[in-house]
J.: 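Quick one: the structure is below, questions incoming.
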2 protein chains.
Amino acid sequence: MAVTISDVARAAGVSKGAVSYALNGRPGVSDVTRQRIVEAAKQLGWKPSLRAKGFSSSKAYALGLVVARDLKLLGTDPFFPAFIAGIESTLSEHEYALVLTIATDPDAEERSYRKLVEGGRVDGVILTDMRNDDSRIALLRELKLPAVTLERSDTPSPFTALRTDDTDGITAAVDHLIGLGHTRIAHVGGAQAYVHGRSRRLAWERALSAAGLPADLFADADFTASGGVTATEALLRRPDRPTAIVYANDLMATAGQSFALTHGFTVPGDLSITGFDNAEFAQYLNPPLTTISSDPLRWGRLAAAVLLDQLAGTHDGQDIVLPPPRLLVRGSTGPVRFSTT
Amino acid sequence: MAVTISDVARAAGVSKGAVSYALNGRPGVSDVTRQRIVEAAKQLGWKPSLRAKGFSSSKAYALGLVVARDLKLLGTDPFFPAFIAGIESTLSEHEYALVLTIATDPDAEERSYRKLVEGGRVDGVILTDMRNDDSRIALLRELKLPAVTLERSDTPSPFTALRTDDTDGITAAVDHLIGLGHTRIAHVGGAQAYVHGRSRRLAWERALSAAGLPADLFADADFTASGGVTATEALLRRPDRPTAIVYANDLMATAGQSFALTHGFTVPGDLSITGFDNAEFAQYLNPPLTTISSDPLRWGRLAAAVLLDQLAGTHDGQDIVLPPPRLLVRGSTGPVRFSTT
DNA sequence: GTGAAAGCGCTAACAT
DNA sequence: ATGTTAGCGCTTTCAC
């Protein structure tokens, strides 16, 4: 049997309560007594039982992450692994653990949150892939589960959000293309039900408007490779086809580039292409993909830190704004060759 | 306050113990009493507290997964997300949760396991990325932590392993290339410290030997894109350069293909290429990558199931053998053009 | 300032 | 076969 609080109390000649106070740095014990207790605990090599702590304090000492994504997307998204690593790096400093759940359909998502709460598995959750009109906000409210969200849904939310302007990345991409002489710059959108899907589209529109260019070359897609192909095909079939396409993520850009190349277009000669995410493989395409890079590790670290602060009551509830993503110019973008207008 | 076992006991007019027995389907209560108890529990909407259960039974009702990988690899590996989804699908049926840890350096890995145990976070762990001479085996033994491993390390291990023959996938790839007339078939190896790195290399060697061809075109790498580039460059610089390269994963194959294309080689004209993993992006390369596909979802599901069985004492300890991976022939492989020997 | 003691909600050893 | 009861290891209230 491992050493318990009673052993320490006995060794230090005090009560269990005193030990608890002493070790949690709370008032209720004199400094000398505290010293003695700390000493005894160290001597005995006492490690407070997380289970007992959790039980008596009704805490899980864990945070939850429910990932609701299509497997195909999960597998290629460079965001999640780094994001999770970021979460972990914060949690490991605080004796917290991460409980990960993967939900493959909408119902499973809600069930996941409910189970996490019913089982007392977590003290709070991190919400990613925010959606416009996001049902999770009401759900978590009902469940009284503390949360932090990545980006802000248009659904009013009582939860702290980590935000940035996707805007800046897309804007930089569009401006880069305009600088290369492009005037027919299309956008292949990510699923518009997602906050980041829509904000990227809006950023594209605004950047074009700001330059006095029409934002009429839009093709809706869903962040998947096959969606990217379909959208690209639709755009390239148009008589006023674009000379550049801004994609909402690298996977669609990759698929789109592949489609263009196999249909006789040169990249960037006939068509310039930009992605979003900076997936590892993107720089090994032919040509390597110009893309936009954020800092998922940092997002993860911060998201966990903010949530922990909140649980400890040391966060003021203000949203956190992260630095904007950066444009990485590579071979898939180049000067417009000629205008066919 | 939520309804507890005492409430149910009172309502059913029995002791707490009786309720515990009744609800866990154990002997000790008559069928009539059991009926009454179950009824009362349902009426009151009683959900046994996982925390209390865990506390009194010293169980976590959770499994752990410690991922020790370079972030760059984590982000492009299609294996993990699907594998984790598989684990989840089994766990969610058993009131178990998954605690995920990411270790970015070797020390962190050991610390992770120790923390998981000390905190009583998990009842067992799933080991992936097995290494030859794997230190985790001794560690888990010391920690008395039940485990299941993916593949078997050469370190003798008391843990059940899920196995397959990588062999079959690589063999199929080499045979496919031989069938296309290739005779100088190289291999760009994954880190040889890993079981799957070495087994793929050995499979390549054996397949060539079986066909009476020399296995002398080997370049060591580490599963990373940049490693793939370096290895490819070394191979293509050789006077007896290969007409086909079998890569140990898709990321290296992608990077290698990119290198070859940008250095004037045509694929598959001058060089045929095969990968391993069937990453989503691989079919959107130019040309699309011939690769080898396993079933990570199934691996995950099984790994979790076997471990749970083991915890329940219902597994005989026999290794589980999974079906071999499949070769997916795509555009990156073609007939050898001519021989320059 | 200090310490005793009462839970927290279960499980399991123990009487009956 | 059934029910009683003593913990599990901590936190926290409440006397002292």
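Heavy-atom basis, side chains included; hydrogens, waters and symmetry copies ignored. Each chain gets a letter, A, B and so on, in the order the sequences are listed, and its residues count up from 1.
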J.: With the side chain of Y21(A) defined as its heavy atoms from C-beta on, choose the nearest nucleotide among dT12(D), dA6(C), dA13(C).
T.: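 Output: dT12(D).
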J.: Atom CD1 of I37(B) to atom P of dA1(D): distance rounded to whole Å?
T.: 15 Å
J.: Just jot down the side chain to side chain donor-acceptor pair (under 3.5 Å) partners of Y21(B), sequence neighbours excluded, or say none.
T.: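 Counting only residues at least two positions away or on another chain, Y21(B) forms no side chain to side chain donor-acceptor pair (under 3.5 Å).
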J.: Can you name the residues that form a ring-ring contact (aromatic ring centres under 6.0 Å, His included) with F55(A), not counting sequence neighbours?
T.: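 In terms of ring-ring contact (aromatic ring centres under 6.0 Å, His included), with neighbours along the sequence ignored, F55(A) is linked to F55(B).
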J.: Can you sort out which residues in residues 39-61 of chain B have a heavy atom within less than 4.0 Å of DNA chain C? Ascending by number, please.
T.: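 Heavy-atom contacts with DNA chain C come from W46(B), K47(B), P48(B), S49(B), A52(B), K53(B), F55(B), S56(B).
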J.: Whole angstroms only, please: what is the NZ-C1' distance between K16(B) and dA6(D)?
T.: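 In whole Å, dA6(D) C1' lies 10 Å from K16(B) NZ.
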J.: Could you state the atom-to-atom distance from CG of L23(B) to P of dG9(C) in whole Å?
T.: 16 Å
J.: Could you report the tightest heavy-atom contact between R298(A) and P323(A), atom names first, then the distance?
T.: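 Closest approach of R298(A) to P323(A): NH1-CG, 3.4 Å.
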J.: What is the minimum heavy-atom distance between L150(B) and A303(B), and which atoms define it?
T.: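 Where L150(B) meets A303(B) most closely, the heavy atoms are CD1-CB, 4.2 Å.
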J.: Salt bridge between E142(B) and R114(B), side-chain N to carboxylate O under 4.0 Å?
T.: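 Judged by the 4.0 Å cut-off on N to carboxylate O distance, E142(B) and R114(B) do form a salt bridge.
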J.: Measure from the side chain of V14(A), starting at C-beta and using heavy atoms only, and say which of dG3(C), dT11(C), dT11(D) lies closest.
T.: dG3(C)
J.: Between N24(A) and A18(B), which is nearer to the 5' end of DNA chain D once each is assigned its nearest nucleotide?
T.: A18(B)
J.: With DNA chain C as reference, determine whether T33(A) or G17(B) sits nearer its 5' end, using the nearest nucleotide of each.
T.: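 It is T33(A) whose nearest nucleotide is closer to the 5' end.
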J.: Between dG9(C) atom C1' and R10(B) atom CZ, what is the distance in whole Å?
T.: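 My rounded result for the distance is 13 Å.
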J.: Which heavy atom of V66(B) sits nearest to which heavy atom of S112(B), and what is that distance?
T.: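 So the two residues come closest at CG1-CB, 3.9 Å.
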J.: Closer than 4.0 Å, any side-chain N/O of S20(B) to the OP1 or OP2 of dT11(C)?
T.: yes
J.: Would you kindly give the CD1-to-P distance between I5(B) and dG7(C), to the nearest whole Å?
T.: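 Distance, rounded to whole Å: 18 Å.
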